[in-house]
Protein chains: 2
Amino acid sequence: MSRHIVQMETIGQIIRNKRESLGLLLRQVAASLDIDPAILSKIERNERRPNKELILKLSETLDIDKEELLAQYISDKIAYDIADENCADRVLKLAEKKVQYLKTHSVSN
Amino acid sequence: MSRHIVQMETIGQIIRNKRESLGLLLRQVAASLDIDPAILSKIERNERRPNKELILKLSETLDIDKEELLAQYISDKIAYDIADENCADRVLKLAEKKVQYLKTHSVSN
DNA sequence: TTATATTTGACAAATAGTGTCAAGACATAT
DNA sequence: ATATGTCTTGACACTATTTGTCAAATATAA
């Protein structure tokens, strides 16, 4: 079984690449997001994790597909949670089942 | 495609079932875990989430398979993270890739 | 140099997690 | 009824983590 991992683009890289391709400065994007440029700088270098609200704003400001960026964001968090576990596969299988369960048994309160 | 979801046992239920099947009181188990019985009560009713250290202690005290309980614990956290997302499947696929990536590119600092 | 952009670190503020405790609820026995 | 034992509930404090602010340091370009 051959494994092809070319490169794993981090969420910070995705954001920085898009910002630079649009020719925008940190302070310009930061102003649009209503945050300090220092925070955005750290996010782009993966020194700080963006929260969900920021992800949504970023997808709008930088015209990145919202679902794409959200998926990156959440999977990042998950990978971080289970990175040091030796039962990651099992955990993900279980999580899948639980998500299915929560979907079909969605509580509406 | 038929789907069979009998019942999804929560981590709290697992713990309470095991404790009761052993005929132990909250205060007995709590003493062994070195926590207040109130905390254990809340954990068993899924009102409070146990941390990893407690999971390990619980698996010993109640003789529950450590890997099993850990997997339940982490998958709970993950399911909670992505429960309200409509791209849960995509996220889990991505997370799987990232975990693989982190495993094969483990940083040692 | 000067000007602009980014990075870095120290710190404060806000939020979330955790532990402690006592009163309330509930069942059972006397 | 009271007494006893177990469990539950909520208020509160303490700690840790996350998030935000700011200014100094660094880098880059003209």
Side-chain angles (χ1 to χ4, degrees), chain A residues 10-62 69-70 72-85 109, chain B residues 10-62 69-70 72-85 109:
Chain A
T10 68
I11 203 167
Q13 288 169 333
I14 293 174
I15 294 168
R16 172 151 293 185
N17 286 344
K18 198 61 201 282
R19 177 178 64 81
E20 292 183 338
S21 79
L22 292 172
L24 297 172
L25 299 175
L26 277 178
R27 69 171 158 77
Q28 293 175 311
V29 175
S32 171
L33 300 171
D34 194 29
I35 62 173
D36 192 287
I39 295 178
L40 186 53
S41 169
K42 284 167 186 167
I43 288 173
E44 289 188 349
R45 288 172 293 106
N46 299 296
E47 189 187 320
R48 187 174 288 206
R49 188 180 300 276
N51 58 29
K52 189 173 174 179
E53 184 196 2
L54 211 49
I55 288 292
L56 298 177
K57 284 185 185 172
L58 273 165
S59 71
E60 287 192 8
T61 299
L62 297 180
L69 208 54
L70 260 181
Q72 289 288 342
Y73 160 66
I74 303 170
S75 59
D76 255 19
K77 191 161 51 168
I78 292 174
Y80 177 79
D81 278 349
I82 65 182
D84 57 341
E85 301 299 333
N109 51 351
Chain B
T10 67
I11 202 167
Q13 288 169 334
I14 293 174
I15 294 169
R16 170 151 295 185
N17 286 343
K18 198 61 200 286
R19 177 178 63 82
E20 293 182 337
S21 78
L22 292 173
L24 297 173
L25 299 176
L26 276 180
R27 68 170 159 78
Q28 294 175 313
V29 175
S32 170
L33 300 172
D34 195 29
I35 61 174
D36 193 287
I39 295 178
L40 187 54
S41 168
K42 284 168 186 167
I43 287 172
E44 290 188 349
R45 287 172 294 105
N46 299 298
E47 189 187 320
R48 185 174 289 206
R49 188 181 301 274
N51 58 27
K52 191 173 173 181
E53 184 197 0
L54 211 48
I55 288 293
L56 299 179
K57 283 186 185 173
L58 274 165
S59 72
E60 289 194 6
T61 299
L62 297 180
L69 207 55
L70 261 181
Q72 289 287 342
Y73 160 67
I74 304 170
S75 60
D76 254 20
K77 192 161 49 168
I78 292 174
Y80 178 80
D81 279 349
I82 66 182
D84 57 340
E85 301 298 331
N109 51 353

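Scope of the values below: all heavy atoms of this structure, side chains included, with no hydrogens, waters or symmetry mates. The chains referred to below are lettered A, B, ... by the order of the sequence lines, with proteins before strands, and numbering in each begins at 1. Computed from a predicted model, the values in this text were never measured in an experiment.
When side chains are defined from C-beta on, A:L26 counts as touching A:R19, because their heavy atoms get closer than 4.5 Å. Taking the side chain as every heavy atom from C-beta outward, A:K18 and A:L24 never approach each other to under 4.5 Å. Residues B:I43 and B:L54 have side chains in contact (heavy-atom distance under 4.5 Å, counting atoms from C-beta outward).
The CD atom of A:E20 sits 13 Å away from the P atom of D:dT28 (whole-angstrom rounding). Between the P atom of D:dT4 and the CG atom of B:L25 lies a distance of 18 Å, rounded to the nearest Å. If you measure from atom CD of A:E53 to atom C1' of D:dG20, you get 13 Å, rounded to the nearest angstrom. Protein atom CG of A:N51 is 18 Å distant from nucleotide atom P of D:dT17, rounded to whole Å. In this structure, A:D34 places its CG atom 13 Å from C1' of D:dT19, rounding to the nearest Å. Atom CD1 in A:I35 sits roughly 10 Å away from atom P in D:dT21 (whole-Å rounding).
A donor-acceptor contact shorter than 3.5 Å links the side chain of A:K57 to the backbone of A:L33. With hydrogens and angles ignored, the 3.5 Å screen pairs no side-chain donor or acceptor of A:S41 with any backbone N or O of A:P37. A donor-acceptor pair under 3.5 Å links the side-chain atoms of A:S59 to the main chain of A:L56, judged by distance alone.
Annotation: proximity of residues 36-49 of chain A to DNA chain D (heavy atom, distance under 4.0 Å) is found for A:D36, A:A38, A:I39, A:R48, A:R49, numbered in ascending order.
Closest non-hydrogen pair, B:L22 versus B:L62, comes out as CD1-O, 3.8 Å. Taking both residues in full, the closest heavy atoms of B:A30 and B:D36 are given as CB-C, 4.1 Å, listed atom of the first, atom of the second, then distance.
From the 5' end on, the contacts that DNA chain C makes with chain B at under 4.0 Å to a non-hydrogen atom open and close at C:dT18 to C:dC21.
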